[in-house]
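Here the structure comes first, spelled out in structure tokens, and everything after it is commentary.
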2 protein chains.
Amino acid sequence: MGRISQLDQIKLCSGQFVLAINDTMNVIHGKWKLPIIGSLLYGKKRFKELEREISGITPRMLSKELKDLEMNGIVTRTVYDSIPVTVEYRLTRSGECFKKVLDVMVEWGLQHRKSIMV
Amino acid sequence: MGRISQLDQIKLCSGQFVLAINDTMNVIHGKWKLPIIGSLLYGKKRFKELEREISGITPRMLSKELKDLEMNGIVTRTVYDSIPVTVEYRLTRSGECFKKVLDVMVEWGLQHRKSIMV
DNA sequence: GTAACTACTATACTTTTATATACCGGTATC
DNA sequence: GATACCGGTATATAAAAGTATAGTAGTTAC
């Protein structure tokens with residue numbers, strides 16, 4: 001019934017795939033990471049810009065989640081010694097690629113809604 | 001640079017897509033939902049089978065998460081009045097389709113690992 | 001009759017995650 | 001000299017998620 005997908009092989013090579021899924025889960029884990037990534041998909045942003053765009057987030061959470069995302073190689077933090085200092089957050093190449101994951105999530109979500117409406 | 005993806009249109013139609021992503025997030029939210037779905041991808045299972053397969057899960061959590069997944073239209077619960085009663089859990093059509101999401105998660109995770117190793 | 005299996009539920013507790021509120025040093029504006 | 005913007009941090013608290021442990025009602029095997 002068609003080609004073998006990566007997940008079909010999970011029993012052959014489950015360690016790798018479980019790690020891969022865990023990595024992906026780490027990126028989207030928690031209440032604020034997706035909103036942050038979503039906001040950065042359309043270009044670099046400064047701390048206060050993100051704080052204003054993501055309604056309801058506190059600076060504490062924003063700071064924490066940005067650090068998490070930076071450690072996981074999803075965003076980069078660049079400090080410019082302008083006056084006053086400017087701090088710029090942007091997605092890494094990997095972070096940009098995460099859009100693919102979001103795209104299937106949207107696709108599945110829409111299909112699922114339709115299938116429930118029946 | 002190629003066709004317009006669904007996420008590119010998020011500003012035009014953000015409400016729909018945010019809902020869709022939230023639906024998807026509900027499916028994978030928490031520590032145990034992915035292991036449960038993963039275990040059911042290879043066919044129907046009974047409660048105790050799942051409990052044995054998913055190492056570390058307590059019956060309380062398994063019961064709760066199965067109810068969540070059932071309510072969200074991801075799994076079905078069927079009771080057979082055999083003796084003793086047999087309860088069978090299996091993925092819905094939508095639940096099976098969720099494999100597509102897992103596939104891109106694996107794909108992205110593997111790529112991300114590679115990109116970090118450099 | 002006692003031990004074990006099935007499919008759970010109940011209660012209490014710990015850990016994790018998120019919020020609320022206030023504050024810091026620096027600059028620049030009025 | 002008071003106020004406001006930037007990029008955060010500190011402390012305390014509340015809410016959510018997960019764990020530990022025990023128990024239920026019924027059935028079957030020894």
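Convention: sequence-line order gives letters A, B, ...; per-chain numbering from 1.
- Picking from D:dT19, C:dA18, D:dG7 the nucleotide with the shortest atom distance to the side chain of A:W32 gives C:dA18.
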- Message: side-chain contact (heavy atoms from CB on, under 4.5 Å), that's the test. Do B:K64 and B:D68 meet it? Break it down for me.
- Response: CA-CA 6 Å; B:K64 184 190 159 289; B:D68 273 22; 3.8 Å; yes
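- Put simply, CG on A:L62 is 17 Å from C1' on C:dT21, counting in whole angstrom units.
- Out of C:dT6, D:dT9, C:dT19, the shortest distance to the side chain of B:K48 is found at C:dT6.
- Between A:I57 and A:I83, the one whose closest nucleotide on DNA chain C sits nearer the 5' end is A:I57.
- Per the geometry, CD belonging to B:E53 stands 14 Å off P belonging to C:dT6, to the nearest Å.
- The interatomic distance linking A:I36 (CD1) with C:dA18 (C1') rounds to 13 Å, in whole Å.
- Across all strands shown, B:K31 has heavy atoms under 4.0 Å from sugar-phosphate atoms exclusively, and none from any base.
- Salt-bridge annotation for A:E96 and A:R93: present, with a side-chain N of the basic residue lying under 4.0 Å from a carboxylate O of the acidic one.
- Using a 4.5 Å cut-off between side-chain heavy atoms of Ile, Leu, Val, Met, Phe, Trp and Tyr, with links allowed through other members, A:Y80 and A:L66 fall into different hydrophobic clusters.
- Straight-line distance from the NZ atom of B:K45 to the C1' atom of C:dT6: 17 Å, rounded to whole Å.
- Contact record, B:E65 with B:H29: OE2-O, 4.3 Å, taken as the closest heavy-atom pair.
- With salt bridges taken as basic N to acidic carboxylate O contacts below 4.0 Å, one links A:K48 and A:E51.
- Note: CE (B:M61) to C1' (C:dT15) measures 12 Å, nearest angstrom.
- When the nucleotides D:dG8, D:dT19, D:dT9 are ranked by their closest atom to the side chain of A:K67, D:dT9 comes out on top.
- In this structure, the CD atom of B:E51 is 13 Å from the C1' atom of C:dT9, given to the nearest Å.
- The nearest heavy atom of DNA chain D to A:E49 and to B:H29 marks one nucleotide each, and the one closer to the 5' end goes with A:E49.
- Contact annotation for A:R60: base contact, defined as any heavy-atom pair under 4.0 Å involving a base atom.
- The interatomic distance linking A:K64 (NZ) with D:dG8 (P) rounds to 15 Å, in whole Å.
- Contacts of A:P84 with the nucleic acid, taken as non-hydrogen atoms under 4.0 Å apart, are absent.
- Within the structure, a side-chain polar atom (N or O) of A:Y89 is placed less than 4.0 Å from OP1 or OP2 of D:dG8.
- The interatomic distance linking A:L66 (CG) with D:dG7 (C1') rounds to 11 Å, in whole Å.
- Among the nucleotides D:dG18, C:dT9, D:dC6, the one closest to any side-chain atom of B:S63 is C:dT9.
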